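As the structure is a computational prediction, the values presented were derived from the model and not from experiment. Just so we're on the same page: letters track the sequence lines, and every chain starts at 1.
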2 protein chains.
Amino acid sequence: MKLTPIMQKYILHWGEMGTRWGVNRTVAQIHALLYLSPEPLHAEEIAETLSVARSNVSTSIKELQSWGLIRVSHMMGDRRDHFESLKDLWEMFSVIMEERKRREIDPTLTMLRACELEGSNDHETPEEIKQRISDVREFMETISNYYEQMRQVPSPTLIKLIKLGSKVTGLLGKK
Amino acid sequence: MKLTPIMQKYILHWGEMGTRWGVNRTVAQIHALLYLSPEPLHAEEIAETLSVARSNVSTSIKELQSWGLIRVSHMMGDRRDHFESLKDLWEMFSVIMEERKRREIDPTLTMLRACELEGSNDHETPEEIKQRISDVREFMETISNYYEQMRQVPSPTLIKLIKLGSKVTGLLGKK
DNA sequence: CAATATTTTCAGTATTAACTGAAAAGAGTG
DNA sequence: CACTCTTTTCAGTTAATACTGAAAATATTG
């Protein structure tokens, strides 16, 4: 696949953004490429297009699959796996949120609860500090619950809500 | 400052979480330490407590200050700078959101708009691909505007809204 | 302003994370 | 089942990032 300057700019920027969010640059670039690509691409083609090793693509593809951001597809008469990205940005966003919650927020909540539990028979940690930890736990639970609730809302409704956000807050602001 | 096992667990976990979000481990640890600490700490003490070089603390402190997450304070009769973290988690959260927007979302929007502009007199990039880029731009603008709106809402109101989120969505869900 | 305390800078080093190329494993074909 | 095509694995290398210690800069005191 030949990249036009615009595509290059987009893909490179996405790679850099990735690193800022703890995502490996190649993984982010491949994701950007597949998002732009009108057709599913096979690993070899991805490697050539981005000038990275075939094996690097293999690993990165696995990573993207584990996030649920890309899917494998097949072409008649071609044995190679082809890959395509989710194209719906709202869906993509929600998949990423979901996965980050599962991988990062949930384990953090587990750790926080463990701290609280240990805290109950630990008299060397000052109460004030224990309280801080409980505050974090509570805060993260609140955010987490809120997210869980929003996830229930059918996405067209949620999208409308978000787009109309200004009106809602317009009212509230006047309070 | 002596760390109890609970504090250690908390600080170490926070450090690891940091790296997953593109934040340097030491920076995250210092932030966690200052968040827990009942009193402001000076750099020397931070370095000792976390077993890192004094100079590392200096750099990390600068980083945290640039994010607006910690403030310098002074003690009578002590020339050293002391540092304390924001303690209000909602405020902390909003400061981080704000800064990430400024550093990452806004530049990305700029890049996307530049792509669109270049796109108007580029006939080698397929329309479909240009459209994808526009979709991302639109998506990010929507999220960004929504965020901007929410930021206007006085925080006690926003907190109530988020805590009551379930009720709102309960209604919507039945639609 | 000399002496001391404190913070910052920065060149060099260490650590971690990412990537490559080659070899192994797996899958499909005739 | 031997051959070819494709994907995965992994040891070794490279690149990026983080960290240290010493020196320089800055600030404060008497």
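Rounded to whole Å, atom P of C:dT16 lies 18 Å from atom CG of A:Asn24. Residue B:His74 contributes atom NE2, which lies 10 Å from atom C1' of C:dT6 at whole-angstrom precision. A straight line from CD of A:Glu48 to P of D:dT6 spans 13 Å, rounded to a whole angstrom. For the pair A:Arg25 CZ and C:dA17 C1', the interatomic distance rounds to 12 Å; values are reported in whole Å. To the nearest angstrom, P of D:dA25 lies 20 Å from CG of B:Asp81. For the pair B:Leu41 CG and C:dT6 C1', the computed distance is 17 Å after rounding to whole Å. Atom CD1 of B:Ile46 and atom C1' of C:dT8 are 15 Å apart (whole Å). One interatomic measurement links the two molecules: CD of A:Glu45 to C1' of D:dT7, which rounds to 17 Å at whole-angstrom precision.
OP1 or OP2 of D:dT7 lies within a sub-4.0 Å distance of a side-chain N or O belonging to A:Arg54. For D:dG21, neither phosphate oxygen OP1 nor OP2 lies less than 4.0 angstrom from any side-chain nitrogen or oxygen of B:Asn56. Between D:dT8 and A:Ser55, no contact under 4.0 Å exists linking OP1 or OP2 to a side-chain N or O.
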### Task
List the steps and the verdict of side chain to side chain contact (heavy atoms under 4.5 Å, CB included) for B:Glu141 and B:Arg137.
CA-CA 6 Å; B:Glu141 268 176 0; B:Arg137 196 258 307 141; 3.0 Å; yes
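Set against C:dC19, D:dT6, D:dT8, the side chain of A:Arg80 has D:dT6 as its closest nucleotide. Relative to the side chain of A:Ala53, the nucleotides C:dT20, C:dT9, D:dC19 differ in distance, and C:dT20 lies closest. For B:Thr26, the listed nucleotide lying nearest its side chain is D:dC19; candidates were C:dT20, D:dC19, C:dT9.
With no hydrogens or angles considered, a side-chain donor-acceptor pair links B:Gln131 and B:Asp135 at under 3.5 Å. Residues B:Arg132 and A:Ser85 bring no donor and acceptor atom of their side chains to less than 3.5 Å of each other. Side-chain atoms of B:His74 and B:Asp81 form a donor-acceptor pair, as typed in the model, at a separation below 3.5 Å.
Comparing A:Asp78 and A:Thr59 by the nucleotide of DNA chain D whose heavy atom lies nearest to each, the residue mapping closer to the 5' end is A:Asp78.
Using a 4.0 Å heavy-atom distance criterion, A:Arg79 is classed as a base contact.
Enclosure of atom CZ in B:Arg54 by more than 12 non-hydrogen atoms of other residues, nucleotides or ligands within 6.0 angstrom is indicated.
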